[in-house]
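Okay, so here's the structure we're looking at.
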Amino acid sequence: MSLHRLFQLSSLLRSAVSLTLRRNIGISAVVFNKAKDLDPIQKLFLDKIRDYSGKSQTSGGVVDAGPEFQKNMSEEVAKLQRLYGGGDLNKFPDFKFSEAKFDEVAK
């Protein structure tokens, strides 16, 4: 009985050590990849994303959106409001569920 229990404990210990090592290796790989230099294409891609992010924060919305885009956007919003009964399309709808009333079943 004690030998069986010893094997169970060693199995648990082995799985815990294995899990810890996998997590540490995964974290180390991420840190190592951030430390080394990016290739030029990755760097260009990240620079463009950061540039777009800065532009969208300063403009408060879509970057380089002209009056035609705003007109199309307002038309589409109006269509959706007509189609689905109005309301604020920027807000998630509130759902209210009520208990259903059932008739008693005669025995």
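All values below were derived from every heavy atom in this structure, side-chain atoms included, with hydrogens, water molecules and symmetry-related copies excluded.
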Nearest heavy-atom neighbours spanning Lys91 and Asp94: NZ-OD2, 3.5 Å

Exceeds 12 heavy-atom contacts within 6.0 angstrom, atom OH of Tyr52: yes

Under-4.0 Å salt bridge between Glu76 and Lys79: yes

More than 12 heavy atoms from other groups under 6.0 Å of CD on Glu68: no

Neighbour count above 12 (heavy atom, 6.0 Å) for Ile41 CD1: no

Ring geometry between Phe97 and Phe95 (parallel below 30°, tilted from 30 to 60°, perpendicular above 60°): parallel

Side-chain heavy-atom pair Gln57, Ser53 within 4.5 angstrom cut-off: yes

Hydrophobic cluster membership, Leu83 vs Val77, 4.5 Å side-chain cutoff: yes

